[in-house]
Amino acid sequence: QVQLVESGGGSVQAGGSLRLSCVASGYTSRNYLMGWFRQAPGKQREGLAAIDSDDEKAYADSVKGRFTISLDDKKILYLQMNSLKPEDTGTYYCAAGSGEAWVGLRAEFMDYWGKGTLVTISS
């Protein structure tokens, strides 16, 4: 049973930074793929960043240069978010699957999802 648990969400002023974390359990795929998605109220879920077992990374154009995805030596997934904007507001989800980073921005390639953590950016 795979479980993904996000943390680090909260409220921050525009221009500030926030770091999200995701701890996975029960997931042992050799060709793992992990990513971060965001869903704003009334909007479709969009892929923001992905990382695969070869340490390849992919980013959505909307966050490229501002957000950084990484795994630490304990295999905890992070999303470092800098220069935050009000349009970054939404629920952020950690996801896991198998494959290459280039497909990791598509929700259909992810098999497991966390419950999400809310991020609110004030102007």
Side-chain angles (χ1 to χ4, degrees):
Q1 180 71 23
V2 174
Q3 289 188 306
L4 302 173
V5 180
E6 307 96 336
S7 63
S11 298
V12 67
Q13 192 174 13
S17 297
L18 209 57
R19 192 187 198 191
L20 306 182
S21 301
C22 173
V23 178
S25 62
Y27 185 66
T28 59
S29 176
R30 179 181 296 272
N31 299 307
Y32 63 82
L33 172 67
M34 300 190 75
W36 291 96
F37 292 74
R38 178 176 66 206
Q39 188 165 24
K43 304 293 184 180
Q44 292 186 325
R45 189 172 299 184
E46 63 172 329
L48 304 177
I51 185 169
D52 64 27
S53 59
D54 294 321
D55 202 37
E56 295 286 340
K57 303 176 181 68
Y59 295 96
D61 288 341
S62 62
V63 306
K64 196 171 299 180
R66 297 190 299 123
F67 291 11
T68 303
I69 189 170
S70 63
L71 284 170
D72 71 5
D73 56 358
K74 304 296 183 184
K75 300 299 183 182
I76 300 174
L77 183 71
Y78 299 95
L79 185 67
Q80 177 66 48
M81 305 186 293
N82 298 326
S83 302
L84 285 162
K85 306 173 181 179
E87 52 263 45
D88 292 319
T89 293
T91 301
Y92 284 68
Y93 298 89
C94 175
S98 298
E100 303 295 320
W102 70 273
V103 305
L105 301 180
R106 301 281 297 274
E108 58 263 43
F109 289 95
M110 296 298 189
D111 301 311
Y112 309 101
W113 297 85
K115 293 182 179 180
T117 184
L118 181 62
V119 171
T120 302
I121 311 302
S122 60
S123 60

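Basis for what follows: all heavy atoms, side chains included, without hydrogens, waters or symmetry-related copies. Note that the coordinates shown come from a computational prediction; the quantities given were computed from them, not determined experimentally.
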Peer 1: Start with the C-alpha gap between Asp88 and Lys85, add the side-chain angles, then the distance that decides, and say whether salt bridge (Lys or Arg N to Asp or Glu O under 4.0 Å) holds.
Peer 2: CA-CA 5 Å; Asp88 292 319; Lys85 306 173 181 179; over 6 Å; no
Peer 1: Take a 6.0 Å sphere around CD of Glu108 and say whether it holds more than 12 heavy atoms from other residues, nucleotides or ligands.
Peer 2: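 Check passes, neighbour count above 12.
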Peer 1: Determine yes or no for a side-chain-to-main-chain donor-acceptor pair under 3.5 angstrom, with Glu6 supplying the side chain and Lys115 the backbone.
Peer 2: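 Yes, Glu6 side chain to Lys115 backbone: donor-acceptor pair under 3.5 Å.
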Peer 1: Within the side chain of Thr89, is there an N or O that forms a donor-acceptor pair under 3.5 Å with the backbone of Ile121?
Peer 2: yes
Peer 1: Applying the 4.5 Å side-chain criterion to the ILVMFWY set and letting contacts propagate, would Met110 and Trp102 be lumped into a single cluster?
Peer 2: yes
Peer 1: Under the side-chain hydrogen bond (donor to acceptor under 3.5 Å, both in side chains) test, which residues partner Glu46, sequence neighbours left out?
Peer 2: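 Partners of Glu46 by the side-chain hydrogen bond (donor to acceptor under 3.5 Å, both in side chains) criterion, ordered by chain and then number, come out as Arg38.
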Peer 1: Considering residues, nucleotides and ligands other than Arg66, do more than 12 of their heavy atoms fall under 6.0 Å from its CZ?
Peer 2: yes
Peer 1: May I have the step-by-step check of side-chain contact (heavy atoms from CB on, under 4.5 Å) for Leu20 and Val119, ending in yes or no?
Peer 2: CA-CA 9 Å; Leu20 306 182; Val119 171; 4.1 Å; yes
Peer 1: Ignoring hydrogens, what is the shortest heavy-atom contact between Lys43 and Gln39? Give both atom names and the distance.
Peer 2: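 In terms of heavy atoms, the two residues are closest at O-NE2, 3.1 Å.
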Peer 1: Find the distance between CD1 (Ile69) and CD (Gln80) and round it off to the nearest 0.5 Å.
Peer 2: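 If we round to the nearest 0.5 Å, Ile69:CD1 and Gln80:CD are 12.5 Å apart.
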Peer 1: Give the cluster check for Tyr59 versus Phe37: same hydrophobic cluster or not, with ILVMFWY residues linked at side-chain heavy-atom distances below 4.5 Å.
Peer 2: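 No; Phe37 is not reachable from Tyr59 via cluster members.
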Peer 1: Is there a donor-acceptor pair closer than 3.5 Å between any side-chain N or O of Asp72 and the backbone N or O of Lys74?
Peer 2: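 Between the backbone of Lys74 and the side chain of Asp72 there is a qualifying donor-acceptor contact (under 3.5 Å).
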Peer 1: To the nearest 0.5 Å, what is the distance between OG (Ser70) and CG (Leu77)?
Peer 2: 7.0 Å
Peer 1: State, yes or no, whether a side-chain contact exists between Val63 and Leu79 at a heavy-atom distance under 4.5 Å.
Peer 2: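 Not touching, per the 4.5 Å side-chain cut-off.
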Peer 1: May I ask you to decide if Ala101's main-chain N or O and Asp52's side chain share a donor-acceptor pair within less than 3.5 Å?
Peer 2: yes
Peer 1: Would you say Tyr32 ends up clustered with Tyr93 if hydrophobic residues are merged whenever their side chains have heavy atoms under 4.5 Å apart, either directly or through other cluster members?
Peer 2: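 No, because Tyr93 and Tyr32 fall into different hydrophobic clusters, even though each may have its own neighbours under 4.5 Å.
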Peer 1: Measuring from Trp36:CH2 to Met81:CE, what's the distance to the nearest 0.5 Å?
Peer 2: 8.0 Å
Peer 1: Quick one: pull up OG in Ser123 and CD in Glu87 and give me the separation to the nearest 0.5 Å.
Peer 2: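 One finds 10.0 Å between OG of Ser123 and CD of Glu87.
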Peer 1: Measure the shortest side-chain to side-chain distance between Met34 and Leu71 over non-hydrogen atoms and say whether it is less than 4.5 angstrom.
Peer 2: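 Sidechains of Leu71 and Met34: in contact.
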Peer 1: Could I get the full list of side-chain contact (heavy atoms from CB on, under 4.5 Å) partners for Leu105, not counting sequence neighbours?
Peer 2: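 Only Ala50, Ala58 meet the side-chain contact (heavy atoms from CB on, under 4.5 Å) criterion with Leu105.
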Peer 1: Does a side-chain heavy-atom distance below 4.5 Å link Arg30 with Ser53?
Peer 2: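 No - every pair of side-chain heavy atoms lies 4.5 Å or more apart.
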Peer 1: Do the side chains of Phe67 and Leu84 get nearer than 4.5 Å, heavy atoms only?
Peer 2: yes
Peer 1: Phe109 and Trp113: same hydrophobic cluster, using ILVMFWY side-chain contacts below 4.5 Å?
Peer 2: yes
Peer 1: Which residues, ordered by chain and number, are linked to Val23 in its hydrophobic cluster, where ILVMFWY side chains connect at heavy-atom gaps below 4.5 Å, directly or through other members?
Peer 2: Ile76, Tyr78
